[in-house]
Amino acid sequence: MNLRDNAVEAQDDVLFDVVNGFGVITLNRPRALNAITHGMVRAMWAQLNAWAQDPAVRAVLIEGAGEKAFCAGGDVRALYESRVNHANEHQAFFVDEYRLDYLIHRYPKPYIALLDGIVMGGGMGVAQGAALRIATDRTRLAMPETGIGLFPDVGASWFLGHLAPTLARYLGLSGVTVSAADALYCGLADVWLEGDAPAQLKAMLRQFDWCTGATGNPAKRPAGQYASDSADLLERLRAAILPLGRTWTDAAPLAQVRATLDRHFSAIDVPSIVASLANDARTPWAAETLALLQQRSPLSLCVTDRQLQKGRRLGLADAFRMELVLGHHAFATGDFVEGVRALLIDKDKQPRWRYATLADVPAAQVDAFFVSPWPQDGHPLKALGEH
């Protein structure tokens, strides 16, 4: 399904090509569900900055190799090893990853994400800043960080903050996986391409005419005769892509339980949400959601709820700066090491969280997560958004 014909044959973890004016990024670790490494982050940063200045590149498309995943997140095992070995690679990774994600949100050319397969964590980071987020029948989308003692990062404070508050809390706290219909319903995808529509999309992009917005053999014209305004190019792309799929659905599973979801996730805090679900445990959806929350780190749940509340009032750059602070504390004093041990290292799926229950989590501990370890003028992302 890749726009380039030989993407999965190469050995590089991330591939770059230019096809008919599209700069194509292919995340190329299919056996690892295209999980993002630090090297991939640095390579994408350099290439996107180069393409921003390249008149031959009209827009960017990012996709994943293979049929299972767009990107299942960051390379969590590598981050774990950095932490337990007292290295600082995990800190450098998050600084560079957040800079990359911010660049994508503010990219000067149309940036399109083809979310075919699993899209989680760091995959959401390189997807949610896209001007067009394209879901498929295989899309499985989630921010599952509370299950490994983290919090929804990569800009989730901002992009979840732009959803309905109850939906943001449900997705961010539970880490539930949703399909294309629910992604569209929540506002985390712009179009859903059903059936063989993704193949139609690839064929259309190979023949897209940047002058007219039509498909056919692209005319050989001097670069100056192409429309140069990014907004105009994006509208042409939207006009060509959106008719291939759905931009709304009334069949989303979450739509069917929305009243129940709103009732529970409008509670004042996480303990109140859990109590509300417990009182409604005869309802299958409530029972399933309660079971999800009971598997998560109590500390991470409390931090995440505070994060989502604060994120709604922050600009994009400040949201990333806040997340870097939260990440520092999650690795230093939080549940990340234990969460990864239980899920990926020993695989016993029996994490021994720092606090066994929500009632055990001190408010002061949650407050401490939001205190920056850096002076105001020394934050590693201080310059974000200045240019």
Side-chain angles (χ1 to χ4, degrees), residues 74 76 79-80 82-95 97-98 121 125 143-158 160-161 165 168-169 171-175 267-274 293-343 351-382 384:
V76 173
L79 299 175
Y80 170 88
S82 171
R83 172 65 181 85
V84 298
N85 292 326
H86 304 288
N88 63 359
E89 173 63 17
H90 58 285
Q91 298 171 6
F93 172 83
F94 285 117
V95 170
E97 182 185 32
Y98 293 178
M143 291 298 291
E145 287 78 8
T146 57
I148 56 169
L150 279 176
F151 56 93
D153 67 329
V154 295
S157 306
W158 191 86
L160 289 182
R169 289 177 100 189
L171 296 171
L173 294 171
S174 73
I268 190 169
D269 54 21
V270 181
S272 299
I273 292 173
V274 169
L293 292 178
Q294 290 173 334
Q295 296 168 13
R296 306 319 191 200
S297 156
L299 176 58
S300 290
L301 289 176
C302 294
V303 168
T304 296
D305 201 39
R306 176 85 61 86
Q307 168 203 359
L308 293 176
Q309 292 175 30
K310 293 174 72 71
R312 302 189 73 82
R313 304 189 297 271
L314 296 178
L316 182 61
D318 283 334
F320 278 114
R321 282 188 275 266
M322 176 181 70
E323 290 176 6
L324 196 67
V325 170
L326 297 179
H328 169 86
H329 293 296
F331 275 73
T333 60
D335 277 329
F336 171 76
V337 170
E338 175 60 15
V340 175
R341 180 208 63 76
L343 183 68
R352 296 180 290 276
W353 302 124
R354 182 174 180 186
Y355 302 104
T357 70
L358 290 166
D360 295 331
V361 179
Q365 182 65 45
V366 178
D367 294 342
F369 262 68
F370 293 85
V371 176
S372 177
W374 304 286
Q376 186 171 358
D377 61 351
H379 194 292
L381 297 177
K382 176 180 180 293
L384 213 61

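Note that the coordinates shown come from a computational prediction; the quantities given were computed from them, not determined experimentally.
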Subject >> Test side-chain contact (heavy atoms from CB on, under 4.5 Å) applied to P298 - qualifying residues, sequence neighbours left out >> reply: W353, L358, V361

Original post:
Looking only at heavy atoms, what is the nearest atom pair of S300 and G149, with distance?
Top reply: OG-C, 3.0 Å

Subject >> Sequence neighbours excluded, every pair satisfying side chain to side chain donor-acceptor pair (under 3.5 Å) that has a member inside residues 325-336 >> reply: S297-D335

**OP:** Could you pull out all residues at least two apart from Y80 that satisfy ring-ring contact (aromatic ring centres under 6.0 Å, His included)?
**Re:** none

**OP:** Check salt bridge (Lys or Arg N to Asp or Glu O under 4.0 Å) between R169 and all other residues, then give those that pass, not counting sequence neighbours.
**Re:** D305

Original post:
With sequence neighbours excluded, what pairs up with R321 under the salt bridge (Lys or Arg N to Asp or Glu O under 4.0 Å) test?
Top reply: D318

Subject >> Qualifying salt bridge (Lys or Arg N to Asp or Glu O under 4.0 Å) pairs with a residue from residues 369-378, counting only residues at least two apart or across chains >> reply: none

Original post:
With sequence neighbours left out, which residue pairs that include part of residues 148-157 fulfil the salt bridge (Lys or Arg N to Asp or Glu O under 4.0 Å) condition?
Top reply: none

**OP:** State, to 0.1 Å, how close M322 and F370 come at their nearest heavy-atom pair, and which atoms those are.
**Re:** SD-CE2, 4.0 Å

Original post:
Partners of A368 by side-chain contact (heavy atoms from CB on, under 4.5 Å), sequence neighbours excluded?
Top reply: none

Original post:
What are the two closest non-hydrogen atoms of V270 and L301, and how far apart are they?
Top reply: CG2-O, 3.7 Å

**OP:** Please name all residues satisfying side-chain contact (heavy atoms from CB on, under 4.5 Å) with P362, sequence neighbours left out, ordered by chain then number.
**Re:** Y355, Q365

Original post:
Of all residues at least two apart in sequence or in a different chain, which pass the salt bridge (Lys or Arg N to Asp or Glu O under 4.0 Å) check with K310?
Top reply: none

Original post:
Who pairs with F94 by ring-ring contact (aromatic ring centres under 6.0 Å, His included), at least two apart in sequence or on another chain?
Top reply: Y98, F331

Subject >> Pairs where residues 364-374 contributes a residue and the test salt bridge (Lys or Arg N to Asp or Glu O under 4.0 Å) is met, not counting sequence neighbours >> reply: R306-D367

